[in-house]
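Here the structure is laid out as structure tokens; the discussion comes afterwards.
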Amino acid sequence: MIARTFRDRVVAPSLLAADFSKIGSEVSRAIHAGADWLHLDVMDGHFVDNISFGPAMVKTVHECNDIFLDVHLMISKPDHYLERFIAAGSDLISVHVEADHDVAETLKRIRRAGLLAGLVLNPATPLSAAEPYLRDIDLLLCMTVVPGFGGQAFMPEVLEKISHAVTLREKYGASFHIEVDGGIHAQTAKLCYTAGANVMVAGSSTFQAIDMSAAIHSIRNP
Ligand code: DX5
Ligand code: ZN
């Protein structure tokens, strides 16, 4: 498991954009192309208007590979399903601040299980909603699209939230990663690094690139 620090650049291809008919070889392809982490988008058809996959997929990927699994729960009751995603082999679990749960308690449970804990903000959610938890997280995910679907356009208005998160991280002496997710490719990654993010989730621009390793390289060093 490679945890890295918030000073390191991390590229996390999102499996949502992979070819589901050959998931095992798609994961190997991402690893060989230089993926640092693999991002797994779990959607319940309720918190977001799409249904993707659940713990069985996380377990399958975990059993075939050593890559760090960054699991993004877009589900209404993350606390209810938490143990299943922990048992499935997640390395980091991110939960939305907007979901229906005791956020502090869910984050505590993730860390108690020995995993990294992430907190996610939708584009419309202000940073103040995450502020009470900033000392208790390993990663803050600022969504750069409205979650639910891959292939959407990056929302530049989120950049200000990222810069503000950097300021608050210093204020609290915290060391969480800042991750962005949605519409990330080399050009938008550059804007996100400048604002202070270090973990780039990228679905379409990696799995659907002609040359995945060139795509990952260009997102890491735009
Ligand atoms: C969106 C998901 C993303 C998605 C990103 O709801 O959280 O992780 O897979 O896809 P792209 O990179 O295609 O915007
Ligand atoms: Zn995601």
Side-chain angles (χ1 to χ4, degrees), residues 10-20 23 26-27 29-30 33 35-55 57-58 61 67-76 78 81 85 90-99 110 116-125 137-159 161-162 177-193 197-210 212 214-220 222:
V10 172
V11 180
S14 167
L15 203 61
L16 197 64
D19 181 343
F20 280 22
I23 213 69
E26 285 289 79
V27 174
R29 192 162 73 89
D36 301 296
W37 296 358
L38 198 65
H39 184 83
L40 285 88
D41 288 303
V42 177
M43 303 178 181
D44 65 354
H46 182 75
F47 184 75
V48 291
D49 189 27
N50 197 4
I51 300 176
S52 58
F53 47 75
M57 174 71 101
V58 179
V61 174
I67 191 164
F68 183 97
L69 301 183
D70 166 26
V71 176
H72 175 192
L73 297 183
M74 285 163 276
I75 63 179
S76 292
Y81 293 97
F85 286 99
S90 311
D91 292 298
L92 183 154
I93 295 180
S94 294
V95 293
H96 275 259
V97 74
E98 306 88 357
I110 298 172
L116 301 188
L119 188 61
V120 197
L121 296 174
N122 280 335
T125 305
I137 58 173
D138 301 291
L139 176 144
L140 179 72
L141 167 50
C142 296
M143 290 305 300
T144 43
V145 297
V146 174
F149 297 89
Q152 303 182 74
F154 177 80
M155 297 169 69
E157 57 269 37
V158 180
L159 291 168
K161 194 192 292 185
I162 297 167
H177 296 275
I178 300 177
E179 181 176 60
V180 286
D181 182 6
I184 301 296
H185 47 74
Q187 289 94 314
T188 52
K190 192 170 190 166
L191 302 173
C192 293
Y193 289 128
N198 69 301
V199 182
M200 303 290 132
V201 174
S204 345
S205 68
T206 56
F207 276 103
Q208 284 157 26
I210 295 167
M212 192 178 195
I216 289 176
H217 187 265
S218 75
I219 292 167
R220 191 177 293 113

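Counting convention: from 1, in listed order, for ligands and their atoms alike.
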| request: Run the numbers for me: atoms of ligand 1, each under 4.0 Å from some heavy atom of His39, listed by number. | output: 8 (O)
| Would you say Ser204 and ligand 1 have an N/O pair spaced under 3.5 Å apart? | yes
| query | For ligand 1, is any non-hydrogen atom under 4.0 Å from Ser14's backbone (N, CA, C, O), its side chain (CB onward), both, or neither? | reply | side chain
| task | State whether the number of non-hydrogen atoms from other residues, nucleotides or ligands found under 6.0 Å of Tyr81 atom OH is greater than 12. | result | no
| query | Counting from 1, what ligand 1 atoms have a heavy atom of Met74 closer than 4.0 Å? | reply | 6 (O), 7 (O)
| said: Check contact between Ser205 and ligand 1, using heavy atoms of the residue and a distance below 4.0 angstrom. | reply: no
| query | Is the shortest heavy-atom distance from the side chain of Pro123 to the side chain of Pro147 under 4.5 Å? | reply | yes
| field | Beyond-backbone contact of Thr144 with Ile184, side-chain heavy atoms, under 4.5 angstrom | value | yes
| field | Protein heavy atom at shortest distance from atom 6 (O) of ligand 1 | value | Gly148 N, 2.7 Å
| field | Residue Asp49 excluded, over 12 heavy atoms near CG under 6.0 Å | value | no
| task | Assess whether atom NE2 of His185 is packed by more than 12 heavy atoms of other residues, nucleotides or ligands within 6.0 Å. | result | yes
| note | Counting from 1 in the order shown, the ligand 1 atoms closer than 4.0 Å to a non-hydrogen atom of Gly182 are 14 (O)
| request: Under 4.0 Å from a heavy atom of Leu16: give me the atoms of ligand 1 that qualify, with their elements. | output: 9 (O)
| said: Does any N or O of ligand 1 fall below 3.5 Å from an N or O anywhere on Gly203, backbone included? | reply: yes
| query | Between the side chains of Asp41 and Ser14, is a donor N or O closer than 3.5 angstrom to an acceptor N or O? | reply | yes
| field | Shortest protein contact, atom 5 (C) of ligand 1 (heavy atom only) | value | Asp181 OD1, 3.5 Å
| query | Any N/O of Gly183 closer than 3.5 Å to an N/O of ligand 1? | reply | yes
| If you count the atoms of ligand 1 from 1 in the order shown, which ones are under 4.0 Å from a heavy atom of Met143? | 7 (O)
| Which angle, to 10 degrees, forms at the Zn ion (ligand 2) with ND1 of His72 on one side and OD1 of Asp41 on the other? | 90°
| query | In terms of atom number and element, which parts of ligand 1 are under 4.0 angstrom from non-hydrogen atoms of His72? | reply | 7 (O)
| remark: Only residue of Ile67, Leu116, Leu69, Val71 satisfying side chain to side chain contact (heavy atoms under 4.5 Å, CB included) with Asp91 is Leu69
| note | One should read off an interatomic distance between Leu121 CG and Ile162 CD1, to the nearest 0.5 angstrom, of 10.5 Å
| message | Nearest N/O/S atom of Asp181 with respect to the Zn ion (ligand 2), by atom name, please. | response | OD2
| message | For the residue pair Asp70 / His72, report whether a side-chain donor-acceptor contact shorter than 3.5 Å exists. | response | no
| field | Contact check, side chains of Met57 and Ile23, non-hydrogen atoms, under 4.5 Å | value | yes
| field | Heavy-atom nearest neighbour in the protein, as seen from atom 10 (O) of ligand 1, with distance rounded to 0.1 Å | value | Gly150 CA, 3.5 Å
| task | Please state whether the rings of His177 and Trp37 are parallel, tilted or perpendicular, taking 30° and 60° as the class boundaries. | result | perpendicular
| query | Counting from 1, what ligand 1 atoms have a heavy atom of Met43 closer than 4.0 Å? | reply | 6 (O)
| query | With only distance considered, is Val146 within less than 3.5 Å of ligand 1 through an N or O on each side? | reply | no
| task | Would you mind listing which atoms of ligand 1 come within a distance below 4.0 Å of any non-hydrogen atom of Pro147? | result | 6 (O)
| request: Determine the minimum heavy-atom distance between Met143 and Val158, stating which atoms define it. | output: O-CG2, 3.5 Å
| field | atom 1 (C) of ligand 1 [closest protein heavy-atom partner, distance rounded to 0.1 Å] | value | Phe149 O, 3.6 Å
